[in-house]
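Quick note: numbers below take in every heavy atom, side chains included, and nothing from hydrogens, waters or symmetry partners. We're numbering straight along the sequence, starting at 1.
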Amino acid sequence: MSRHIEFASDRLIITFTGLTAAAALKKEITVPLTAISSVRVGDFKINPVAFRIGTSGITRNIKHGRFLYQNEWVFLSFSNHKNVLILDLDNFEYKKIVLELDSPQEAKNKIENLLTRV
């Protein structure tokens with residue numbers, strides 16, 4: 001997978017490699033745990049013509065980069081909108097970060113465990 005999360009004691013470091021980094025116009029996002037208001041796994045859909053900085057597939061559900069969603073900036077990186085990790089954020093440059101991962105439920109559990117220690 002071209003997205004990876006490093007779990008530190010006070011932050012998440014999300015890295016993008018290869019074509020995903022090029023498509024998203026970003027190689028890394030560091031999220032302080034204090035900015036995470038909730039974490040969940042689910043389906044995330046966005047208007048296909050939403051304003052974006054990055055790439056979006058026309059006929060497929062590919063989304064990588066910064067998108068304007070409900071008048072807030074969100075960062076998306078997925079090829080399939082189903083079963084993605086969704087981070088809801090406060091006081092951060094993005095209102096949400098939505099990622100397709102190999103094991104989104106496992107990532108969610110690790111994040112929730114870290115949040116109980118903050």
Checklist entry - Out of curiosity, Glu6 CD to His4 NE2, how far, rounded to the nearest 0.5 Å? => result 6.0 Å
Item to check | Residues His64 and Ser77: side-chain donor-acceptor under 3.5 angstrom | outcome: yes
Checklist entry - What are the two closest non-hydrogen atoms of Asn113 and Thr116, and how far apart are they? => result O-OG1, 2.6 Å
Next on the checklist: Quick one, Lys95 with Leu89, criterion side chain to side chain contact (heavy atoms under 4.5 Å, CB included). Give me CA distance, side-chain angles, the key distance, then yes/no.
Outcome noted: CA-CA 5 Å; Lys95 188 66 176 169; Leu89 306 167; over 6 Å; no
Next on the checklist: Is it the case that the side chain of Glu100 and the backbone of Val84 share a donor-acceptor pair, with hydrogens and angles ignored and the cut-off at 3.5 Å?
Outcome noted: no
Checklist outcome for this item: Here the pair of heavy atoms bringing Val74 nearest to Leu76 is CG2-CD2, 3.9 Å
Next on the checklist: Tell me whether the rings of Phe78 and Phe44 are parallel (<30°), tilted (30 to 60°) or perpendicular (>60°).
Outcome noted: perpendicular
Checklist entry - What's the shortest heavy-atom distance between Lys27 and Ala21, and which atoms? => result CG-CB, 4.2 Å
Next on the checklist: More than 12 heavy atoms of other residues, nucleotides or ligands under 6.0 Å from CG of Asp43: yes or no?
Outcome noted: yes
Checklist entry - Do Leu19 and Leu101 belong together in a cluster built from hydrophobic side chains that touch within less than 4.5 Å? => result no
Next on the checklist: I want to check something: taking the side chain as every heavy atom from C-beta on, are Glu28 and Phe16 in contact at a cut-off of under 4.5 Å?
Outcome noted: no
Checklist entry - Given Leu85 and Ile97, is the side chain to side chain contact (heavy atoms under 4.5 Å, CB included) satisfied, shown in steps? => result CA-CA 8 Å; Leu85 179 73; Ile97 296 177; over 6 Å; no
Checklist entry - Taking the side chain as C-beta and beyond, is there a heavy-atom pair between Ile86 and Val39 under 4.5 Å? => result no
Next on the checklist: Could you walk me through whether Ile14 and Thr30 satisfy the side chain to side chain contact (heavy atoms under 4.5 Å, CB included) test, starting with their C-alpha distance in whole Å, then the side-chain angles of each, then the deciding distance to 0.1 Å, before giving a yes or no?
Outcome noted: CA-CA 6 Å; Ile14 305 165; Thr30 300; over 6 Å; no
Checklist entry - Are Ile111 and Ile13 connected in a single hydrophobic cluster, I mean Ile/Leu/Val/Met/Phe/Trp/Tyr linked by side-chain heavy atoms less than 4.5 Å apart? => result no
Item to check | Thr20 side chain near Arg3 side chain, heavy-atom distance below 4.5 Å | outcome: yes
Checklist entry - Could Lys96 and Asp88 be called an ion pair, given the rule that one side-chain N must be under 4.0 Å from one carboxylate O? => result yes
Item to check | Within-4.5 Å side-chain heavy-atom neighbours: Leu114 and Leu12 | outcome: yes
Checklist entry - Can you hop from Leu87 to Leu115 via hydrophobic side chains spaced under 4.5 Å? => result yes
Next on the checklist: Pair Glu93, Trp73 - check side chain to side chain contact (heavy atoms under 4.5 Å, CB included), show working.
Outcome noted: CA-CA 7 Å; Glu93 63 184 302; Trp73 286 107; over 6 Å; no
Checklist entry - Side-chain heavy atoms under 4.5 angstrom apart, residues restricted to Ile, Leu, Val, Met, Phe, Trp, Tyr: same cluster for Phe92 and Phe7? => result yes
Checklist entry - So Tyr69 and Phe75, ring pair (Phe, Tyr, Trp, His ring centres under 6.0 Å) or not? Walk me through it. => result CA-CA 10 Å; Tyr69 174 77; Phe75 189 89; over 10 Å; no
